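Beneath this line is the structure, given in structure tokens, with notes to follow.
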Number of protein chains: 2
Amino acid sequence: MGTQIRRDVMQLILDRRLPPGAPLPTEAELMESLGVSRNSVREALKALQALDIVEIRHGYGTYVGQASLTPLVDGLTFRTLAGVADDHAALTEILQIREVLEEGLIRRVADGIGDDGLARLESIVGRMEGAARAGEAFPDLDRTFHETLYDTLGNALVPQLLAAFWNVYHRVAKVRGWTSDPAPAVTACRHRDILTALRARDVAGAERAMADHFRGIEARSGQATLGVR
Amino acid sequence: MGTQIRRDVMQLILDRRLPPGAPLPTEAELMESLGVSRNSVREALKALQALDIVEIRHGYGTYVGQASLTPLVDGLTFRTLAGVADDHAALTEILQIREVLEEGLIRRVADGIGDDGLARLESIVGRMEGAARAGEAFPDLDRTFHETLYDTLGNALVPQLLAAFWNVYHRVAKVRGWTSDPAPAVTACRHRDILTALRARDVAGAERAMADHFRGIEARSGQATLGVR
DNA sequence: CGACGTGGGACGTGGGACGTCCCGCGGCCT
DNA sequence: AGGCCGCGGGACGTCCCACGTCCCACGTCG
């Protein structure tokens, strides 16, 4: 069974305690130690590559991967684009989950954020406002803001999960040709609101600011959909 | 490039508007229409199979898959088991995300749940209490409760995401040999608390009940870890 | 009319050959 | 002596062919 070989390779990584980036046995060694043909080994490795459990470098070797959430992004993107129902509904589902997550997380952030965290956010928002005055969009700063925001939680999964949903959303929007460009000034303002509430340790206010932020995104999403149909 | 063939097959599915369960062209047809060898086609299909974008039935054919979150479960399980840091920390991260999600969701549920939803939950909690009196565990009922709870949101992604995290948690616990069996009576009581709060449209109470629920899970998890080390 | 057997289609596995890419060693030029 | 270039070996990428296994459907026989 192909699935079995895949599990064998995973088990091999676990048994040998191979960390991400460590080299795997060559295909020849794997076909010998697992007792299967090279084709089967390659199919298993290709599957693991798609799961980002393994990284294959042409002409160099195979290495343990980062086990990132890339497969989730691919899967959700495909699922959204292929959805039998219209994909606006599917995107709304993703947005709702992001919303619930960030609303719940901001509360915990407000409890534990320190002065250094606030300073870093201040720097980011400052750059946002600078870009906004120049009339430029700042998708990278947006990402960095949310990433930095949840840094203090010490939960490495959180930023990755949020980034995954963010990627799905924007990838689908790109494929569909939606130009969801809100006024940069408005976005900068929303982030400023969140930071202000955090500075005041105003948990409820931070939640409200985050909710407003998402309300804006939803509105844009709805408009873009209507414009296309 | 192998990745390219994978994208071609995905694009083919999207272009032809193939719904989940629809048959894909045979390997022979794909190798002709994509102009690559059968091995390359098979490697791409195997990768897509791992992403649950395609389903391969031996001796029958290849079909469009459900694009479920199975790859997320596999990836997170692997990542947790392979984590350089101890896996209790990794499991806590997953638990924290479940917690944030369910706390945020319960609020929305409390707003919109109807009498039929409450009745279904009542039935489940009733069976829980019956099992608890008999001293039996009821993992299935637990799952069903949370699934039914979020049915009313109309967001198909929510139950799947929660189920994915649930699966990762319990799969890791199983591999690690943790016997995280709380007293069934306590678990039943926690669910009863949630239902009671929902019935009263008590949003804050429901949130608190859900938080208590997770506090119990975390405590058990910590104990199990200590017991093993 | 129904149960059984056989054939064809489709995926699973194995083996071999050749191309492509990357790294490192050794010779050669400066 | 130091740096540049060419070459060889290792490893993955692609391809071809053959045979095995599984499933379904058709046709035959009782």
Side-chain angles (χ1 to χ4, degrees), chain A residues 1-13 15-16 18-68 70-71 74 78, chain B residues 1-13 15-16 18-68 70-71 74 78:
Chain A
M1 199 59 163
T3 307
Q4 187 54 47
I5 303 178
R6 218 175 64 190
R7 291 186 179 279
D8 288 343
V9 175
M10 285 176 56
Q11 198 57 50
L12 183 148
I13 296 174
D15 288 345
R16 300 192 184 178
L18 298 179
L24 250 67
T26 69
E27 295 180 354
E29 288 167 340
L30 283 177
M31 51 184 282
E32 187 176 4
S33 73
L34 299 182
V36 294
S37 75
R38 188 175 168 215
N39 272 338
S40 302
V41 170
R42 283 187 57 71
E43 283 170 8
L45 290 179
K46 275 291 189 146
L48 292 176
Q49 182 188 34
L51 295 174
D52 198 24
I53 284 177
V54 139
E55 181 187 349
I56 302 177
R57 293 184 221 166
H58 185 169
Y60 194 62
T62 308
Y63 297 79
V64 179
Q66 303 295 321
S68 70
T70 308
D74 290 339
F78 176 82
Chain B
M1 199 57 164
T3 306
Q4 188 53 48
I5 302 179
R6 218 175 62 190
R7 291 185 179 281
D8 287 344
V9 174
M10 284 177 57
Q11 199 57 50
L12 182 148
I13 296 175
D15 288 345
R16 300 194 184 177
L18 297 179
L24 252 67
T26 68
E27 295 179 354
E29 288 167 340
L30 283 176
M31 51 184 281
E32 186 176 5
S33 74
L34 299 182
V36 294
S37 77
R38 189 175 164 215
N39 260 339
S40 302
V41 170
R42 292 193 95 267
E43 284 171 7
L45 290 180
K46 278 288 191 151
L48 292 176
Q49 182 188 35
L51 295 174
D52 198 26
I53 285 177
V54 139
E55 181 188 348
I56 302 177
R57 293 184 221 168
H58 185 168
Y60 194 62
T62 309
Y63 297 78
V64 179
Q66 303 296 321
S68 70
T70 308
D74 290 340
F78 176 83

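Here is how names work: the chains are called A, B, and so on, in the same order as the sequence lines, proteins then strands, and each is numbered from 1. The model shown is predicted, which means the values in this text are computed figures rather than measured ones.
Nearer to the 5' terminus of DNA chain C, by closest-nucleotide assignment, is the contact made by B:Gln49 (compared with the other of B:Gln49 and A:Tyr60). Along DNA chain C, the nucleotide nearest A:Gly59 and the nucleotide nearest A:Ile5 are compared for position; the residue whose nucleotide lies closer to the 5' end is A:Ile5. If B:Arg38 and A:Ile56 are placed on DNA chain D by their nearest nucleotide, the residue sitting closer to the 5' end is A:Ile56.
Open room surrounds CZ on B:Arg16; 12 or fewer heavy atoms of other groups in view lie less than 6.0 Å from it.
Distance B:Glu43 CD to D:dC12 P: 12 Å, rounded to the nearest Å. Going from atom OH of B:Tyr63 over to atom C1' of C:dG9 covers 11 Å, rounded to whole Å. Between the P atom of D:dC16 and the CE atom of B:Met31 lies a distance of 6 Å, rounded to the nearest Å. Rounded to whole Å, the distance from NE2 on B:His58 to C1' on D:dC19 is 12 Å. Between the CG atom of A:Asp8 and the P atom of C:dT13 there is a distance of 12 Å, given to the nearest Å. A:Glu27 has its CD atom 9 Å from the C1' atom of D:dG13, to the nearest Å. The distance between atom CD of A:Glu32 and atom P of C:dG14, rounded to the nearest whole Å, is 14 Å. Remark: C1' of C:dA10 and CD of B:Glu29 are 11 Å apart, rounded to the nearest angstrom.
Listed nucleotides C:dG15, D:dG13, D:dG20 differ in distance to A:Ser37; the shortest reach to its side chain belongs to C:dG15.
In terms of phosphate contacts, A:Thr62 brings a side-chain nitrogen or oxygen within less than 4.0 Å of OP1 or OP2 of D:dC12. For D:dG13, neither phosphate oxygen OP1 nor OP2 lies less than 4.0 angstrom from any side-chain nitrogen or oxygen of B:Ser40. Residue A:Arg57 places no side-chain N or O under 4.0 Å from the OP1 or OP2 atom of D:dC12.
Nearest approach of B:Pro71 to A:Leu51, heavy atoms of both residues: CB-CD2, 3.6 Å.
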> Yes or no on side-chain contact (heavy atoms from CB on, under 4.5 Å) for A:Leu45 and A:Leu30, after CA distance, side-chain angles and deciding distance?
Replying inline: CA-CA 10 Å; A:Leu45 290 179; A:Leu30 283 177; 4.3 Å; yes
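The base of C:dG15 sits with one of its N or O atoms less than 3.5 Å from a complementary donor or acceptor on the side chain of A:Asn39.
Checking side-chain atoms of B:Glu32 against main-chain N and O of B:Glu29 turns up no donor-acceptor pair under 3.5 Å.
There is no side-chain donor-acceptor pair under 3.5 Å between B:Glu43 and B:Asn39.
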